[in-house]
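Written out below as structure tokens is the structure these notes cover.
Whatever order the structure lists them in is the order used to number ligands and atoms, beginning at 1.
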Amino acid sequence: MLLSPEAARVYILNVAVFAPLRQCFDYRFDGDRDELVPAIGARVWVPFGRSQRVGVVLAWRESSATEVEKLKAVLECLDDPPLLTAQALELAAWSARYYQHPPGDVIAAMLPTWLRRRRGLPVQVMDGWTLTEHGEQAVENQQVSGERQVRLLRLLSRKSVTSAAVLADEPSGWRPVMRRLLARGWVEQHQIENDRQSLPQPVATTTVALNEEQQAAANLIETHVGGFKAIVLQGVTGSGKTEVYLEAITQRLAAAQQALVLVPEIALTKQLVARFQDRFGNQVGVIHSALSDRERALTWDACRRGQIGVLIGTRSAVWSGVPNLGLIVVDEEHDSSYKQQDGFRYSARDIAIVRAQLEGVPVVLGSATPALETLANVERGKFLRVRLDQRAQAAAMPRIHCVDVRGLQLIGGLGHHLVTAMREHLARGEQVMLFLNRRGYAPLLICRSCGELRRCDRCDAYLVYHKHINAARCHHCDSHRSLRWMTRCCEAEETVPIGLGTEQLEEAVRELFPEHNICRIDRDSVRRVGALDEILQAVAEHRIDILIGTQMVAKGLDFADITLVGVVDADSRLHSIDFRAEERLAQLLIQVAGRAGRAAKAGTVLVQTHQPEHSVLQRIIADGYEAYARVALQERRETQLPPYAAMAIVRAESPVATRPSEFLQQVRNLLLSNEPANSEISYPLPALMERRAGRYRALIVIRNPHRAQIGRILSESLLQVDALARKIRVRWSLDIDPQDTL
Ligand code: ADP
Ligand code: ZN
């Protein structure tokens, strides 16, 4: 067969295959196929080794290093039009370079899980109903009996098709009525594609009038619209940052633009999402991990098509396609959950800033306790800062007091000061929150006869006793041990729990306050979907007087009548060797304190400690976060730690104890041989928990005054490091801007 010159053309496509490989590959696509050539940004199905994979087309090429005849052919084009825009690919390329991560893996991470596989976009179908001619006549001729049937028929007569989403606002029990109408032949049922117009409408009828500070902040954001600017909204807890976001977003929506809002952990930001939904109704889309893959892909797609005005989501939402992006908000920007801790280890906050820069839009970084990195950028004049120093409603900021518990008799961890304060607040009908950052019943189990502590078999960690399941659990690999096994070291003696966890605290509080309702929030108590919502609802309705929680409760809870917060044990945080531990403690204390006295009632915070003179505690309590941050930044500068130096960590792990350090030693030599100007590269160090889930772990820390150079010395050595890892047989990973150095 003779081919026309046009049809005979062979296209060469450069594809990022979804696999952890540092290169991208060329594939051929013959022009005589009766398919369109896959566009740049489209997903393709390609042969890869002995199997097939999904990949994304990065470029069309004129030529390839491989002979064209030898290139493998694209098997199938999965998207038309393409899923990823040129801007998205640019962000991916930047991220792959900055984090030195395989481009295919980066792009896969940008897509919802649903689309990482060989399948098309999901279509949302739902039930819809239409009035039949028969039905119309029945209404006209008043043949319909029953108020509810008439009402439903009238509703249906307003639109050609009415969806289940619209009827969701009807009094419950409309479905049986609808079935009766169907049986009579008065309505017809179909499957219709869901349109967002049919989702709930905004319900907020009045908006709060912003106070002066809030208005100034909103105005400042507005003056930077249309160009890149990083704006730090530093507002004390309860100062009304959310209202500022809402105002700024209202303006963007009015200009037919979209906003992207990142939040740390969606479970506890339900209240925040509800406020957005009240204000913006069906324009709000939410992406979080509790949704199914399908639901996430649907929202992702709706946003990409411009059908969503405000996309709210956790970390991964930062990659979503937002064609008319006008503003990015990162709420609680200091939160460590913005950093992905495995695989592709990116910081969603930092990506949000880079994205805002690429797309020329302002990004608002909101927090009561901005990260030291962020404050350093303010100091350098790179970010603009605007403050909210007044609480929107409360008379005053809560007062924080240190309670010296040295030598005190503690009941379930509680000293008498705290117990007395609890009684006073409860007597006034107010609520109390106790904070303890250790779940389980007791963090240690000791044999009373030989004094041995129970450890996990697979980790360098102690087992935590959980009373409600009467078993010991490792919080690092999640293995369980029944207590019977515990007593094996000595015949006679018994293993006893020592130390304090949230379960035990709850038990003690129940004994101390039998007449009050008590509830515990931690990962164990809210494992079941919906459990957390129920608890929060109960707190809001005053069915719970005392709330006990881990750091889950430090964030975002907004309850007017919690007037006393007790930090049961501040000490454990004062002794971590990680350089960020103090910063985290400072943020945590301020955030926990922020839960007290949210409305008109003043709040009190009691912090129990054995080290009341500790300088960090002193500074936070006496002078607040700012004063703490000033000193901390000075210390970081003197010790050349982030944000005054760039840091990267190479981690390695293996079931064989010696291999990680052997590998890392060679990596170190390799990096040094490449003349890493000014870089400081540590010797291999064992991880703080050297063995975890049966694998030994070690790391090296690399520091350089300049971020760009860290990337450079690593990029030149990556392929060699990969080869070393294969030879010595370790798993390894690279962490740029690590959150911890343990
Ligand atoms: P933040 O996010 O800074 O902690 P929020 O935005 O949650 O603070 O506001 C705290 C409380 O104050 C909320 O209940 C909010 O409705 C209320 N609030 C905020 N701004 C105003 C205002 N201008 N007038 C009245 N109430 C306000
Ligand atoms: Zn373990």
Inset, instruction - Measure the distances from the heavy atoms of Ser239 to every atom of ligand 1 and state whether one is below 4.0 angstrom. - result: yes

Inset, instruction - State whether a side-chain donor-acceptor pair under 3.5 Å links Asn437 with Thr550. - result: no

Legend entry - Short side-chain donor-acceptor distance under 3.5 Å, Thr314 and His288: no

Inset, instruction - May I ask you to check if any N/O/S atom from Cys456 comes under 2.8 Å of the Zn ion (ligand 2)? - result: yes

Inset, instruction - Output yes when the distance from some N or O of ligand 1 to some N or O of Ala209 is under 3.5 Å, and no in every other case. - result: yes

Legend entry - Flag for Tyr625-Gln587: side-chain donor and acceptor within less than 3.5 Å: yes

Inset, instruction - Pick whichever of Ala392, Gly240, Gly594 has a heavy atom sitting closest to atom 8 (O) of ligand 1. - result: Gly240

Inset, instruction - Please work out whether any backbone atom (N, CA, C, O) or any side-chain heavy atom from C-beta onward of Gln214 is under 4.0 Å from ligand 1, and answer side chain, backbone, both or neither. - result: side chain

Legend entry - Gln258 side chain reached by Cys303 side chain, heavy atoms, under 4.5 Å: yes

Inset, instruction - Evaluate whether atom CD of Glu541 has more than 12 neighbouring non-hydrogen atoms of other residues, nucleotides or ligands under 6.0 angstrom away. - result: yes

Inset, instruction - Run the contact test for Arg275 against ligand 1 with a 4.0 Å cut-off on heavy atoms, strictly below, and give the result. - result: yes

Legend entry - Salt-bridge criterion met for Arg385 and Glu379 (N-O under 4.0 Å): no

Legend entry - N/O separation below 3.5 Å, Val208 to ligand 1: no

Inset, instruction - Have a look at the Zn ion (ligand 2) and estimate, to 10 degrees, the angle subtended by SG (Cys477) and SG (Cys459). - result: 110°

Inset, instruction - Using a strict cut-off of 4.0 Å, indicate which atoms of ligand 1 neighbour a heavy atom of Asn211. - result: 23 (N)

Legend entry - N/O separation below 3.5 Å, Lys241 to ligand 1: yes

Legend entry - Over 12 non-hydrogen atoms of neighbours within 6.0 angstrom of CZ in Arg729: no

